[in-house]
Protein chains: 2
Amino acid sequence: MSSYDLKKEVTDKYSLRGRVFNRLREDILSGKYKENEELKEVAIGEELGVSRTPVREAFRQLELEGLIQIVPNKGAYVTGITAKDVKDIYMIRSSLEGMCARLATENITLEQLEELEENVYLASFHASKGHMEQMTELDNRFHHILYEACNSKMLENLLQDFHQYVIRIRKKTLSTKERGIASNEEHRQIMEAIKAKNPQEAERLATLHMNNAYDNMVKNGLYDIYKKED
Amino acid sequence: MSSYDLKKEVTDKYSLRGRVFNRLREDILSGKYKENEELKEVAIGEELGVSRTPVREAFRQLELEGLIQIVPNKGAYVTGITAKDVKDIYMIRSSLEGMCARLATENITLEQLEELEENVYLASFHASKGHMEQMTELDNRFHHILYEACNSKMLENLLQDFHQYVIRIRKKTLSTKERGIASNEEHRQIMEAIKAKNPQEAERLATLHMNNAYDNMVKNGLYDIYKKED
DNA sequence: TCTTGTATAATTGTATACAATAGCTCCTGT
DNA sequence: ACAGGAGCTATTGTATACAATTATACAAGA
């Protein structure tokens with residue numbers, strides 16, 4: 001399981017356009033296409049064995065997803081993420097994740113709560129071992145469960161949309177075993193607050209969790225952001 | 001000036017695709033195309049004098065904007081907004097508008113602040129006269145100034161994206177002269193808090209402003225929402 | 001009457017041909 | 001030397017032809 005298959009599939013997976021879209025998103029998020037790299041319609045089409053038409057339609061969608069920028073009559077370029085963007089993303093997420101945790105407290109099902117508990121339990125093992133890849137998976141899943149549990153398609157989709165940024169930000173930063181352990185403890189507290197049916201506390205902790213994640217990045221100077229502001 | 005020209009122009013305005021996109025968005029927001037109505041590629045193309053290609057590309061973008069839903073091999077349908085959606089939208093907006101007002105307090109320019117003051121002053125006149133159309137324009141502009149002033153492209157774009165929902169929600173609800181007057185007073189308070197460089201108060205008031213707007217809708221039972229939840 | 005199969009039409013999905021635009025090379029004139 | 005432009009090339013923008021899929025109508029059979 002890849003680390004970014006949680007993103008909602010907005011497009012028809014089985015059409016050529018859908019396949020191009022998903023493939024390009026994957027390639028951009030995985031870093032195959034670097035920031036500011038130009039994507040050419042024919043080249044992409046030939047690589048995937050399709051004509052320009054589905055490629056162009058996929059481009060239009062990727063543009064609205066924020067992954068590429070299309071300059072009329074010139075070309076499509078992979079967008080960059082600035083340090084300011086990262087800051088704003090975490091600021092917005094801290095608020096929305098808090099809201100999500102609050103709503104989840106009131107709407108979570110028993111099954112979801114159990115999966116959350118299992119997730120935290122399993123993550124504590126991998127955190128202590130320093131298994132970063134598994135931690136990433138479990139972190140994604142933890143938040144994804146909350147998105148589903150908040151009972152708001154609007155909020156769920158919005159937070160899902162931020163996921164592509166999270167993936168790209170992770171590529172630019174280092175995550176340490178220490179942060180993994182701390183993060184796991186924060187997840188545990190959020191889960192306990194939800195289990196205790198304390199929405200205010202769940203919201204507070206989820207917001208704090210995002211702020212801590214951001215502060216940790218800044219404190220350790222782990223940025224590797226080269227693109228300048230426009 | 002139409003009431004929904006504040007939306008960011010993500011697409012090339014002067015390409016056929018851009019023209020189709022903007023025209024279709026306008027027509028959906030204005031209510032020309034009703035909820036759940038099917039949009040046919042050839043019909044749209046003939047109406048605008050273009051081939052199916054730019055129409056299809058515009059469709060793909062409108063899908064990601066949330067204005068239409070594309071069912072593979074079937075067609076494109078105008079999306080509906082449920083009462084639950086409206087609730088969620090205002091909940092999310094109340095948080096984000098608060099954040100925006102807080103940031104705007106710290107980043108607003110003198111020119112923007114002056115336009116804000118002028119906006120509030122002019123709106124108080126139209127509010128007292130019950131000029132609803134002008135009120136709508138000035139309300140859009142008031143919030144748009146704050147979006148620009150918050151100095152966060154991420155947040156600005158996000159709040160702009162919500163604008164299309166606001167327009168469609170307004171179509172479904174009635175706004176009264178009384179609410180116009182109250183709203184104008186709330187705008188004035190937000191503006192004063194920003195002018196006084198009090199970010200906490202600006203955030204609190206902006207959040208309250210959204211909650212009041214929603215409560216007012218609910219209290220007056222002004223919903224005209226017919227689409228059922230899926 | 002209801003179901004089901006089939007032919008037909010309507011519509012979307014994709015490939016390709018052609019048009020328009022941007023960028024580059026290289027030539028020319030001063 | 002160098003500014004500027006003609007012309008070529010590469011690339012995107014659009015239209016159209018064809019393929020695949022879905023909806024519809026209608027008839028046959030239970």
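In what follows, every chain begins at residue 1, and chains take the letters A, B, ... in the order their sequences are listed. What you see is a predicted model, and the numbers here were worked out from it, not measured in a lab.
Taking 4.5 Å as the limit, some side-chain heavy atom of L103(B) sits within range of a side-chain heavy atom of M91(A). At least one side-chain heavy atom of R52(A) sits less than 4.5 Å from a side-chain heavy atom of V42(A).
Applying the ring-ring contact (aromatic ring centres under 6.0 Å, His included) test to pairs two or more places apart or on separate chains, those with a residue in residues 67-97 of chain B are Y90(B)-Y214(B).
Ion pairing between E47(A) and K32(A) holds under the 4.0 Å rule for side-chain N and carboxylate O. Comment: K172(A) engages E35(A) in a salt bridge, judged by a side-chain N to carboxylate O separation of less than 4.0 angstrom.
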B/S/- contact track for nucleotides 8-17 of chain C, protein heavy atom under 4.0 Å:
---SBBBBBB

